[in-house]
Amino acid sequence: MSKHFSSSATLAVVCLLLLATTILGGHPADVLADDPTGVSPDLESAAYVPGRTYWGRNNYIEYIAGDLPIIISAPHGGTLRPKEIPDRTWGMDGGIDTNSQEYTRELARYLYLSTGHYPHVIINHLHRSKLDANRDIKEGAQGSWAAEQAWYEFHRFIDASKASVRTRWGKGLYLDLHTNGHPEKWLELGYSLSATDLSRSNQSLNSSTYKNQSSVRNLAYTTGAYFPELIRGWTSLGGHMQRQGYKTVPSPGYPSPGRGGYFPGGYNTFRHGSLTGGSIDGVQVEAHWASVQKDVRYEFSRSLGNSILRVMELYYGFKLRSLIHRPYKVYMPMVTKNRR
Ligand SMILES: [Zn+2]
């Protein structure tokens, strides 16, 4: 582990020791990434085992290590309300995303069955009243040390996943999975572009202005693809979902949300996508809650998985289904439960 010390070195070391002694499984140093207090451990040497589950302190944050260039997270589906974390008092602009963890696991399982390899999966088990893992630490954890620690673990597991993807593949895709209850009952894909941005013509959208503020910025510049096609054409994620029968925005059918309910992507998509640099793109996926209920969840997850695999093939050049010939064993995360 390499370190360099900033003026807040003392705090950094305290944080480091606290986390290092509480992470369960794996190598504690592996999750200490991107620490704003000045500690910069060497994540390239991370030793997570693909398919194996790692937990943060008190099992609030779960990480299933992967080896595919795909990272999926579920920040809003948690149900734990431990007494040690006071309820958040502001920024409570939404309830929990029911069934978002469930479809995250179903999607992970489908990707595994399709490729013989594992996506990286990061799940927050804390209720949104205790931690909002899709906000900055100030709003998300609101001063609770236990919530702050969980917040760091959530983002460090994503950072560790990104480091693994960069090492193995050079580039990849991060998807932050949510559910919504907007009356349009559509699937919303967020590229950090607002409804106003998306209301522009293809000609207008195809400019560096919008590429630069998009969470798929790297892809926009490296593929040479027509940007509006990448965002809402038939070969886009939304295009593939529309083809499989899902009302999706943006897509060829709904190139912009107009005045309809729409989430363009939150903190995680902004932070972990390529808007601020790097070769890992980000998309926020807001499934309508009705499309991920138990009886239809598999169908949705399969469609989303197929769409992601098509996008990986078309835009990243990764034929992930061709990996399936490698031997694989039964994938267990479907039976993972909250353990306290
Ligand atoms: Zn959400």
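These numbers were taken from a predicted model, which means no experiment stands behind them.
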Arg57/Glu84 salt bridge by N-O under 4.0 Å criterion: yes
Side-chain heavy-atom pair Ile85, Trp145 within 4.5 angstrom cut-off: no
Tyr174 six-ring face occupied by Lys162 cation (under 6.0 Å, within 45°): no
Side-chain (His288) to main-chain (Ala290) donor-acceptor, under 3.5 angstrom: yes
Sidechain N-carboxylate O distance under 4.0 Å for Glu62, Arg105: yes
Neighbour count above 12 (heavy atom, 6.0 Å) for Tyr316 OH: yes
Output field: ring centroids His178/Trp289 closer than 6.0 Å: no
Exam field: side chain Ser73 to backbone Pro75, donor-acceptor pair closer than 3.5 Å: no
From Arg109 atom CZ to Leu113 atom CG, the distance as rounded to the nearest 0.5 Å: 6.0 Å
Trp151 and His155 aromatic ring geometry - parallel, tilted or perpendicular at 30°/60° bounds: tilted
Check ion pair Arg156-Glu153 (N to O, under 4.0 angstrom): no
Main-chain N/O of Gly261 paired with Trp186 side-chain donor or acceptor, under 3.5 Å: yes
Test item: Ser192 and Gln213 side chains (from C-beta on) under 4.5 Å apart, heavy atoms: no
Verify same cluster id: Tyr191, Phe263 (apolar side-chain graph, 4.5 Å): no
Passing candidate, side chain to side chain donor-acceptor pair (under 3.5 Å) with His76, options Asp176, Asp132, Thr98, Thr179: Asp132
Note: Arg217-Asp281 ion pair, threshold 4.0 Å (strictly below): no
